[in-house]
Amino acid sequence: SRFGIFGGAYVAESLVDCLNELEAAYIEASNDPAFWKEFEDMYGYMNRPSELYLAERLTEEMGGAKVWLKREDLNHTGSHKINNAVGQILLAKRLGKKRIIAETGAGQHGVATATVCAKFGMQCDIYMGAEDVRRQELNVFRIKMLGGNVIPVTSGSQTLKDAVNEAMRDWVTRLDSTHYLIGSAIGPHPFPTIVRDFQRVIGREIKSQLQEKAGKLPDAVVACVGGGSNAIGTFYDFIGDEGVRLVGVEAGGHGIDTNAHSATLSKGVIGVVHGASSYIIQSKEGQLTPTHSISAGLDYNSVGPEHSHLKYIGRAEYIAADDFQCLSAFKMVTQLEGIIPALESSHALWGGMQLAKTLPKDQDVVICLSGNGAKDVAEVLLTLKNK
Ligand SMILES: CC/C=C(/N=C/c1c(COP(=O)(O)O)cnc(C)c1O)C(=O)O
């Protein structure tokens with residue numbers, strides 16, 4: 001239940017039984033080939049496998065290593081979030097739950113959760129910070145159209161961490177009927193393990209696709225890190241491949257030397273939040289202090305414990321891209337490749353492109369393009385107008 005010194009389940013007694021029930025169900029399911037067949041039978045619906053696309057104009061523009069994009073933005077619902085939502089709804093079914101709750105920031109997890117609830121006929125309540133309701137309006141509309149209830153959260157900074165708080169409070173009161181379909185590789189054991197196991201399909205496909213297209217392993221795989229699910233999914237099957245660099249890109253916001261960022265692994269301290277021991281952006285007294293990112297999905301105080309471990313043992317490297325660098329990458333990928341990336345993904349694109357610039361032409365950098373940017377165009381226009 002731990003990743004080195006990180007992870008664990010630091011929860012109130014009232015949650016222990018439910019976590020034990022979930023862990024038992026997951027162990028049983030993950031050892032059952034029929035469960036994984038159920039998951040793989042959903043690949044058509046999810047539009048898996050996702051394409052590994054060689055971005056020739058970005059590669060030329062960078063003048064170094066080849067830049068490959070893992071097109072998780074082309075999945076059904078527009079991001080990697082569907083991988084975890086499908087896996088967990090199958091678990092919830094096995095647990096006999098009838099009601100699903102979730103937190104959402106960028107709204108992509110909310111959409112993915114409402115989507116699988118529609119398909120599997122479950123009640124769906126989505127907690128979303130009021131600030132994120134404002135800046136990801138398209139996804140709020142999509143969640144409602146899919147039959148999900150959006151519950152705005154007005155406590156705290158009205159962003160992702162506050163939505164997680166409210167979802168956990170709800171779950172404690174409705175354990176018997178409700179599964180908490182957590183949206184990232186965070187939270188108390190067994191959630192980080194469950195989410196990583198459903199997201200690792202990303203890295204497994206990258207490995208076989210690049211082997212087929214280029215006859216080799218990547219020299220580096222790059223992904224943005226909010227709670228850490230698309231990144232751990234991209235990294236996991238390469239952890240044992242020493243020659244493959246694992247690069248996580250966090251939100252540098254207004255700069256990691258300001259107080260307005262979400263670069264937890266660069267500037268956080270070790271603590272406990274949302275049931276797990278991990279790096280956290282918090283005050284000396286242990287209170288969660290406000291974070292900032294232009295992208296709602298990265299605007300979060302903590303990070304999945306498995307990433308904290310990979311940093312701690314030096315197997316993965318974590319950098320930050322600030323709001324401006326994110327917008328530059330957003331524009332470059334849109335105008336050079338005709339792909340509008342989510343602002344979250346734009347952080348990974350910035351980091352991956354800068355890395356490619358420094359590497360020789362015979363090397364290959366794979367960037368996880370975690371989501372589609374349609375949800376962000378209004379916010380980007382607003383930002384550009386205010387320049
Ligand atoms: C679960 C809270 C995070 C959300 N999204 C995070 C997100 C992220 C960051 O989440 P992680 O992969 O879990 O670090 C990356 N890319 C896209 C397109 C995202 O939407 C959401 O609510 O949709």
Side-chain angles (χ1 to χ4, degrees), residues 50 70-75 77-85 88 101-115 126-129 131-133 135-136 138-140 142-143 148 150 153 159-165 167 180-187 191-192 194-196 198-200 202-203 222-236 248-251 262-265 274 278 293-307 318 321 326 330 339-349 367-376:
S50 67
K70 180 61 173 163
R71 301 294 308 275
E72 293 298 297
D73 61 312
L74 293 179
N75 298 341
T77 70
S79 85
H80 67 292
K81 295 295 178 184
I82 191 71
N83 305 330
N84 170 50
Q88 284 204 52
I101 60 171
E103 83 291 355
T104 199
Q108 287 301 129
H109 178 58
V111 169
T113 301
T115 297
I126 304 287
Y127 288 93
M128 186 173 197
E131 166 60 8
D132 292 336
V133 168
R135 61 182 171 170
Q136 304 283 224
L138 173 63
N139 279 341
V140 175
R142 292 168 75 199
I143 293 166
V150 176
V153 173
T159 54
L160 187 49
K161 70 163 173 60
D162 312 293
V164 176
N165 288 339
Y180 175 19
L181 209 159
I182 206 162
S184 188
I186 58 170
F191 282 120
I194 290 175
V195 176
R196 171 247 285 155
F198 290 133
Q199 290 294 357
R200 65 185 285 197
I202 300 172
V222 186
C224 64
V225 182
S229 70
N230 89 93
I232 197 66
T234 301
F235 293 177
Y236 194 69
V249 187
E250 294 191 295
S262 307
T264 310
L265 288 160
H274 295 148
S278 195
S293 170
I294 190 172
S295 69
L298 303 186
D299 192 353
Y300 178 55
N301 285 73
S302 191
V303 66
E306 195 158 21
H307 284 292
Y318 297 91
C326 158
F330 177 92
I339 299 170
I340 301 179
L343 286 175
E344 293 81 7
S345 319
S346 299
H347 289 76
L349 288 161
I367 306 170
C368 182
L369 211 175
S370 52
N372 175 286
K375 67 180 175 73
D376 296 316

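Here, residue 1 is the first one in the sequence, and each next residue gets the next number. Start at 1 and go down the list; that is how both ligands and their atoms are numbered.
- Put simply, the side chain of N84 reaches to within 4.5 Å of the side chain of H109, judged on heavy atoms.
- When H80, E103, Q108, E72 are checked for heavy-atom proximity to atom 8 (C) of ligand 1, H80 turns out nearest.
- Looking at every heavy atom in both residues, G129 comes nearest to A163 through N-CB, 4.1 Å.
- Close contacts between ligand 1 and L298 involve ligand atoms 9 (C) [criterion: under 4.0 Å to a heavy atom].
- Listed by number with element, the atoms of ligand 1 under 4.0 angstrom from any heavy atom of G107 are 21 (C), 22 (O), 23 (O).
- Using a 4.0 Å cut-off to heavy atoms of A106, the atoms of ligand 1 that qualify are 4 (C), 5 (N), 20 (O), 21 (C), 22 (O), 23 (O).
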### Task
Go through the steps to decide whether K81 and T104 satisfy the test side-chain contact (heavy atoms from CB on, under 4.5 Å), and finish with yes or no.
CA-CA 11 Å; K81 295 295 178 184; T104 199; over 6 Å; no
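- Near S184, meaning under 4.0 Å from any of its heavy atoms, are these atoms of ligand 1: 11 (P), 13 (O).
- Of the protein's non-hydrogen atoms, S370 OG, 2.7 Å is the one closest to atom 16 (N) of ligand 1.
- Considering H347, R135, E344 in turn, H347 is the only one that fulfils the side chain to side chain contact (heavy atoms under 4.5 Å, CB included) rule with I294.
- Heavy atoms of A231 stay at 4.0 angstrom or farther from ligand 1.
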### Task
Determine, step by step, whether E103 and M128 satisfy the side-chain contact (heavy atoms from CB on, under 4.5 Å) criterion, reporting the C-alpha distance in whole Å, the side-chain angles of both residues, the deciding distance to 0.1 Å, and the verdict.
CA-CA 6 Å; E103 83 291 355; M128 186 173 197; over 6 Å; no
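- T264 is not listed as a side-chain neighbour of Y318, based on a closest heavy-atom distance of 4.5 Å or more.
- Annotation for ligand 1: atoms under 4.0 Å from non-hydrogen atoms of G183 are 1 (C).
- For the pair T104 and ligand 1, the shortest N or O to N or O distance falls below 3.5 Å.
- Closest to atom 3 (C) of ligand 1 among all protein heavy atoms lies K81 NZ, 3.8 Å.
- In this structure, atom 9 (C) of ligand 1 lies nearest to the protein heavy atom G297 O, 3.6 Å.
- Ring planes of F235 and H307: perpendicular class, angle over 60° (limits at 30 and 60°).
- The side-chain hydrogen bond (donor to acceptor under 3.5 Å, both in side chains) test with H80 singles out one residue from S370, S229, S50, and that residue is S229.
- When non-hydrogen atoms are compared, ligand 1 lies under 4.0 Å from neither the backbone nor the side chain of N139.
- Between G226 and ligand 1, a contact under 3.5 Å exists for at least one N or O pair.
- The number of heavy atoms from other shown groups lying within 6.0 Å of CD1 (I340) does not exceed 12.
- Neither the backbone nor the side chain of D73 has a heavy atom within less than 4.0 Å of ligand 1.
- Applying the 4.0 Å criterion to heavy atoms of C224 picks out, from ligand 1, the atoms 15 (C).
- The distance criterion of under 3.5 Å between nitrogen or oxygen atoms is not met by S79 with respect to ligand 1.
- In terms of N/O distances under 3.5 Å, ligand 1 is not approached by G371.
- Against a heavy-atom cut-off of under 4.0 Å, G105 is close to the following atoms of ligand 1: 2 (C), 21 (C), 22 (O).
- Between H109 and ligand 1, at least one pair of N/O atoms sits closer than 3.5 Å.
- Using a 4.5 Å heavy-atom cutoff, the side chains of Q88 and I194 are in contact.
- Between I339 and R71, some side-chain heavy-atom pair lies under the 4.5 Å cut-off.
- Taking every heavy atom of L160 and a limit of under 4.0 angstrom, the matching atoms of ligand 1 come to 2 (C).
- In this view, S293 and S295 satisfy the side-chain hydrogen bond (donor to acceptor under 3.5 Å, both in side chains) rule, not counting sequence neighbours.
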